[in-house]
Number of protein chains: 2
Amino acid sequence: MDAHRKDTRSSDIPGLCRACEARHRGVCGALSASQLVSLNKISTRKLIGSGAELIGENQETNSYANIISGVVKLTKMMADGRQQIVGLQFAPDFLGRPFRMDSGITADAATDVNVCSFPKAVLERMIKETPELEHKLLEQTLKELDEARDWMLTLGRKTASEKVASFMYLIATHSNPEADPDSARFQLPLTRSDIADFLGLTIETVSRQLTRLRKDNVVHISNNRHVEVPDLSALAERAAL
Amino acid sequence: MDAHRKDTRSSDIPGLCRACEARHRGVCGALSASQLVSLNKISTRKLIGSGAELIGENQETNSYANIISGVVKLTKMMADGRQQIVGLQFAPDFLGRPFRMDSGITADAATDVNVCSFPKAVLERMIKETPELEHKLLEQTLKELDEARDWMLTLGRKTASEKVASFMYLIATHSNPEADPDSARFQLPLTRSDIADFLGLTIETVSRQLTRLRKDNVVHISNNRHVEVPDLSALAERAAL
DNA sequence: CGTTGACTTGATGCATCTCAAATTAGGTGG
DNA sequence: CCACCTAATTTGAGATGCATCAAGTCAACG
């Protein structure tokens, strides 16, 4: 199905890239086979353990990455310790801020995360050569901007129970590989504490609203993390969507 | 000072563009003099009255614009009428969503607004010719994303009084043409109702917090709209910045 | 079996919302 | 300039949703 794209016979594509989502839906889709080869030579796969820091004040500021699997949380923190999760990223999202680095955001692995990492300089050179790459970055950035603004509505104007339902709906629709648009079944990628930081609530309020959703049979939760949503539209209703 | 940029002797630049901020700090900075000329031929200056809709469900979906002066508010609305302002835009920001139009956002003039408007198709053709233009758009989008995420922290984790102080600080720093970094004096571009929608609060709470700031001499307000901030750092303190 | 960390549940307080009324600003016509 | 009108803002009193503080439960693990 990629036959129409110049220079991309699958035999030329590096093995690691062949199965990678980033080549289809992510930024690597803008690259030719030869570019993939040269990028692949210097890129490294890494497994980041849950909780580890990917981008922060201190380390690893001179490389970009694509998420292969797992969930990454972007967090902002105030001087007194209050914090807010300002975004969640899933495969095959691009990780890292082009042409800047000091937006006061840290990126942590919410679950175990596999990334494909490569030096900043190499990608920035490719951007100059391939305008299509910058276009992909613009598209992802616009998508993130839309998501951020959606969430601003949630943070500013929804009640606690709508917020929790909105979160469950977000995760359900993002971890739904099956085509079933009516129901979902997934593992929560975030702890209660993370959920609270994402929703601007406390742990206790999140917990209470979750038990309410459970008692009303909108969701079924086992082992604190495994979730089943029998009827997504009922959940959307609770989320005021 | 533009001498090093190819093709931009000021005599070639259209008169209307010469004084325009968008040519310096906005997207038009990516265009050559000849491109400015051709864009200028088909672009129109418009004065949008305070409160009028610039982009919405209904009208004017096939043109982009640059803000020449004034403030534009981007609003999201829920089915039941609750609404949240998800962004404010000032000169020389670019207005309009490239390659998409359905993000459920409406753009209204918060004050009287002057825009320089041009057809969607023309700009999109120029983007294909001039990668630098797409780079400018990416830069603005990244800036908006940073601002959106900053505001998410405000919405999710700050108290009402911190929120109001944050808003006043935001406006003060955006309408501060004088170089004075310590004090500011400006007209509020938003009504109390707009401020409430921006901060996720009610009108009444905004009003109460403003009178508190006034009583504590952090700000002086006359005629409901004219504001003086004698000490910006005191305001920043209140904003928990 | 005790310990630890994540989560739930309960009781209380407070910040913000809601409802209602008073005050002020801005415009319009006399 | 004044009298009036309307919309915007302020102020007050009371209700409530969420936070806070404090136990209690549960599962994982040594």
**Q** Excluding sequence neighbours, so at least two apart, what forms side-chain hydrogen bond (donor to acceptor under 3.5 Å, both in side chains) with A/N66?
**A**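 Scan of A/N66 (side-chain hydrogen bond (donor to acceptor under 3.5 Å, both in side chains), adjacent residues dropped) gives none.
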
**Q** Over how many whole Å does the gap from A/L188 atom CG to C/dA6 atom C1' extend?
**A**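 It works out to 13 Å between those atoms.
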
**Q** Quickly work out the A/R225 CZ to C/dT8 P distance and round it to whole Å.
**A**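 Rounded to whole Å, this separation is 11 Å.
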
**Q** Applying salt bridge (Lys or Arg N to Asp or Glu O under 4.0 Å), name anything that partners B/R25, two or more places apart in sequence or on another chain.
**A**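 Scan of B/R25 (salt bridge (Lys or Arg N to Asp or Glu O under 4.0 Å), adjacent residues dropped) gives B/E21.
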
**Q** Can you tell me the distance, in whole Å, between the CG atom of A/L199 and the P atom of D/dA19?
**A**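 The answer, rounded to whole Å, is 10 Å.
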
**Q** Residues two or more places apart in sequence or in another chain: which of them pass side-chain hydrogen bond (donor to acceptor under 3.5 Å, both in side chains) with B/K76?
**A**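 Per chain and number, B/K76 pairs via side-chain hydrogen bond (donor to acceptor under 3.5 Å, both in side chains) with A/D150.
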
**Q** Given C/dC7, C/dT8, D/dT10, which nucleotide is nearest the side-chain atoms of B/T211?
**A**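 My answer, after comparing the listed nucleotides, is D/dT10.
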
**Q** Using the salt bridge (Lys or Arg N to Asp or Glu O under 4.0 Å) rule, collect all pairs that involve residues 85-94 of chain A, keeping only residues at least two apart or in two chains.
**A**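 Applying salt bridge (Lys or Arg N to Asp or Glu O under 4.0 Å) to every pair that reaches into residues 85-94 of chain A, excluding sequence neighbours, yields A/D93-A/K143.
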
**Q** Sequence neighbours excluded, which residues qualify as salt bridge (Lys or Arg N to Asp or Glu O under 4.0 Å) partners of A/R82?
**A**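 Listed in chain order: A/D80, B/E162.
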
**Q** Could you encode protein contacts along nucleotides 11-17 of chain C as a string, one character per nucleotide from 5' to 3', using B for base contact, S for sugar-phosphate-only contact and - for no contact, with a heavy-atom cut-off of under 4.0 Å?
**A** B----SS

**Q** Tell me whether B/D180 contacts the main-chain N or O of B/D182 through its side chain, where contact means a donor paired with an acceptor under 3.5 Å.
**A**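 Side chain of B/D180 to backbone of B/D182, a donor-acceptor pair under 3.5 Å: yes, one is there.
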
**Q** To the nearest angstrom, how far is B/D197 atom CG from D/dA8 atom P?
**A**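 Going from B/D197 (CG) to D/dA8 (P), I get 13 Å.
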
**Q** B/D112: which residues meet the side-chain hydrogen bond (donor to acceptor under 3.5 Å, both in side chains) condition with it, sequence neighbours left out?
**A**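 With sequence neighbours excluded, B/D112 shows a side-chain hydrogen bond (donor to acceptor under 3.5 Å, both in side chains) to no residue whatsoever.
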
**Q** Can you name the residues that form a ring-ring contact (aromatic ring centres under 6.0 Å, His included) with A/F118, not counting sequence neighbours?
**A**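 Applying ring-ring contact (aromatic ring centres under 6.0 Å, His included) to A/F118 gives none.
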
**Q** Detail all sub-3.5 Å separations between protein N/O atoms and N/O atoms belonging to nucleotides 1-4 of chain D.
**A**
none

**Q** Go nucleotide by nucleotide along DNA chain C from the 5' end; which of A/S193 and B/E204 gets its closest nucleotide reached first?
**A**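 Comparing both residues, the 5'-ward one is A/S193.
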
**Q** Output all residues satisfying side-chain hydrogen bond (donor to acceptor under 3.5 Å, both in side chains) with B/T205, sequence neighbours left out; order by chain, then residue number.
**A**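 Result, side-chain hydrogen bond (donor to acceptor under 3.5 Å, both in side chains) vs B/T205: B/T202.
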
**Q** Pairs in or reaching into residues 231-241 of chain B: which pass salt bridge (Lys or Arg N to Asp or Glu O under 4.0 Å), with residues at least two apart or in two chains?
**A**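 Salt bridge (Lys or Arg N to Asp or Glu O under 4.0 Å) check on residues 231-241 of chain B returns B/D216-B/R238.
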
**Q** Mind running a 4.0 Å heavy-atom check of residues 213-224 of chain B against DNA chain D and sending the residues that fall below it, in number order?
**A**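 Only B/R214, B/N224 qualify.
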
**Q** With a 4.5 Å limit on heavy-atom distance, are the side chains of A/L235 and A/M168 in contact?
**A**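 In short, these two side chains touch, coming nearer than 4.5 Å.
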
